[in-house]
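Take a look at the structure set out below.
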Amino acid sequence: MIRDSRKAAAQLLSWYDRHRRDLPWRAKPGETADPYRVWLSEIMLQQTTVPAVAPYFRSFTERWPTVADLAAAPLDDLLVAWAGLGYYARARNLHKCARVVADGHGGRFPETEAELLALPGVGAYTAAAISAIAFDRKATVVDGNVERVIARIFAVEEPLPAAKTTLRRLAATLTPDGRPGDYAQAMMDLGATVCTPRKPRCMLCPWADLCDARAAGIAEELPRKVAKAEKPTRRGVAYWLLNPDGAVLLRRRAEEGLLGGMAEIPSTGWGPQAPDAAAVAAQAPLPAVWKRLPGLVRHTFTHFHLELEVVAAVAGDGWRQADGRWIPIDRLGDQALPTVMVKVVRHALAHA
DNA sequence: TATACGTGGCT
DNA sequence: TAGCCAAGTAT
């Protein structure tokens with residue numbers, strides 16, 4: 001039970017001062033935060049773990065040290081650099097947002113949540129995080145970590161996502177006036193390192209004494225969540241096509257939707273049933289003698305499983321007619337290939 | 001409110 | 001192994 005929210009915030013900040021983590025995007029004590037780096041890291045960290053983000057953050061900031069540099073870059077350069085990190089709409093919105101900030105805000109990020117919220121790719125969480133961390137303005141930052149911490153200390157039994165409104169309201173009651181940036185990061189660090197989804201380290205928690213869920217012995221059960229729908233399986237056939245020079249045919253996916261704007265090995269549509277021989281011939285990028293490679297490429301997206309067969313062929317005289325770009329095999333690493341397509345390439349190289 | 005949108009690590 | 005989960009946003 002929280003009897004004194006100011007005391008609770010002070011306890012958390014004290015814990016943070018003693019356990020502050022050194023992360024690539026985090027200003028050291030006494031340093032001034034760089035809004036560009038805060039923004040970039042927050043976009044990358046959306047639904048993505050710290051270890052996955054770290055190398056991407058380093059390469060982006062080395063190559064594009066300012067938001068103006070990022071705004072001046074071609075979108076395709078960002079997509080290549082983002083390849084493998086996932087949720088590619090983030091990269092497209094990153095580029096849009098950089099241009100809005102560079103062209104519409106004189107190269108400076110706005111400081112208020114309302115203005116930040118208007119930027120592409122910036123939602124409620126990210127707007128609050130940037131305002132608090134980059135500008136030290138009071139804001140209630142609510143991400144998955146904060147939802148979990150709040151659900152536990154107040155023993156909120158209502159399942160997510162319905163509980164979101166309640167959790168946000170409760171979180172706001174604890175937000176202190178002082179040190180907004182440190183407090184926001186402290187809440188998230190507490191969730192990431194102590195108040196973890198499984199096996200929470202309550203013995204190390206600065207809020208153990210006031211945690212209702214711990215008192216009730218249900219900390220690990222919270223927050224409750226409604227069961228997720230089962231993932232369907234979709235199936236298709238990918239075409240590994242070489243030209244007489246040994247280059248591979250790649251295509252650019254549609255700008256919107258799944259893997260929007262990214263490169264791909266051409267394939268049939270992905271449906272519940274694997275396409276039959278007639279469909280494989282009909283959807284092929286060129287008429288050719290297609291040889292089925294052994295095995296399957298399996299990949300799981302957020303909302304479905306994918307199973308791809310791979311067929312291979314060498315294009316004949318009409319190879320220039322194919323829709324797409326011919327890429328030498330040793331240049332595939334420079335393309336904006338999402339992980340599922342990297343798997344297809346590896347599979348083809350291993351079996352063709 | 002519900003759904004689309006990636007990936008890799010952990011259990 | 002199969003499922004869960006991570007600093008969410010857009011529609």
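Chain A is the first sequence line, chain B the second, and so forth, proteins listed ahead of strands; every chain is numbered from 1. Every heavy atom of this structure was used, including side-chain atoms; hydrogens, water molecules and symmetry mates were not. Note that the structure is a prediction, hence the values are computed from the model and not measured.
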Test salt bridge (Lys or Arg N to Asp or Glu O under 4.0 Å) applied to A/Asp177 - qualifying residues, sequence neighbours left out: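 Listed in chain order: A/Lys138.
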Could I get the full list of salt bridge (Lys or Arg N to Asp or Glu O under 4.0 Å) partners for A/Lys28, not counting sequence neighbours?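 If we apply the salt bridge (Lys or Arg N to Asp or Glu O under 4.0 Å) test to A/Lys28, skipping adjacent residues, the hits are A/Asp22.
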Rounded to whole Å, how long is the line connecting atom [atom1] of [X] with atom [atom2] of [N]?
| X | N | atom1 | atom2 | value |
| --- | --- | --- | --- | --- |
| A/Leu258 | C/dA10 | CG | P | 18 Å |
| A/Lys164 | B/dA2 | NZ | C1' | 13 Å |
| A/Met188 | C/dA6 | CE | P | 14 Å |
| A/Ile43 | B/dG6 | CD1 | C1' | 16 Å |
| A/Glu256 | B/dC5 | CD | C1' | 12 Å |
| A/Glu221 | C/dC4 | CD | C1' | 17 Å |

Using the P atom on both, measure B/dG8 against C/dT9 and round to a whole Å.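 That atom pair is separated by 22 Å.
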Give the nucleotide from the list B/dG6, C/dC5, B/dA4 with an atom nearest to the side chain of A/Lys225.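 Among the listed nucleotides, the one closest to the side chain of A/Lys225 is C/dC5.
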Side chain of A/Asp143: nearest nucleotide among C/dG8, B/dG6, C/dC5?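 Comparing C/dG8, B/dG6, C/dC5 against the side chain of A/Asp143, the answer is C/dG8.
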Which ILVMFWY residues can you reach from [X] by hopping between side chains whose heavy atoms are under 4.5 Å apart?
| X | result |
| --- | --- |
| A/Val80 | none |
| A/Leu249 | A/Val237, A/Tyr239, A/Leu241, A/Val280, A/Leu286, A/Trp290, A/Val311, A/Trp319, A/Trp326 |
| A/Val226 | none |

Heavy atoms only, 4.0 Å cut-off, all strands: where does [X] land among base, sugar-phosphate and nothing?
| X | value |
| --- | --- |
| A/Pro120 | sugar-phosphate |
| A/Val122 | sugar-phosphate |
| A/Ala124 | sugar-phosphate |

DNA chain B contacts among residues 8-42 of chain A, heavy-atom distance under 4.0 Å: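 Of all residues in residues 8-42 of chain A, none places a heavy atom under 4.0 Å from DNA chain B.
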Could you name each residue pair satisfying side chain to side chain donor-acceptor pair (under 3.5 Å) that touches [range], not counting sequence neighbours?
| range | answer |
| --- | --- |
| residues 101-110 of chain A | none |
| residues 195-205 of chain A | none |
| residues 184-193 of chain A | A/Arg21-A/Asp189, A/Arg26-A/Gln185, A/Arg26-A/Asp189 |
| residues 332-352 of chain A | A/His299-A/Lys343, A/Arg325-A/Gln335, A/Arg331-A/Asp334 |

Is there a donor-acceptor pair closer than 3.5 Å between any side-chain N or O of A/Arg253 and the backbone N or O of A/Met262?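 Not a single qualifying donor-acceptor pair exists.
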Please tabulate, one pair per line, each protein N/O and nucleotide N/O from nucleotides 7-11 of chain B that are separated by under 3.5 Å, including the distance.
unit_1	atom_1	unit_2	atom_2	d
B/dT7	OP1	A/Tyr88	OH	2.8
B/dT7	OP1	A/Thr339	N	2.6
B/dT7	OP2	A/His299	NE2	2.7
B/dT7	O3'	A/Thr339	OG1	3.3

Indicate whether the side chain of A/Thr173 and that of A/Ser5 have a donor and an acceptor atom separated by less than 3.5 Å.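 Note: A/Thr173 and A/Ser5 side chains miss the donor-acceptor criterion.
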Close approaches to DNA chain C from residues 125-142 of chain A, in residue order (heavy atom, under 4.0 Å):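 Residues of residues 125-142 of chain A under 4.0 Å from DNA chain C: A/Tyr125, A/Thr126.
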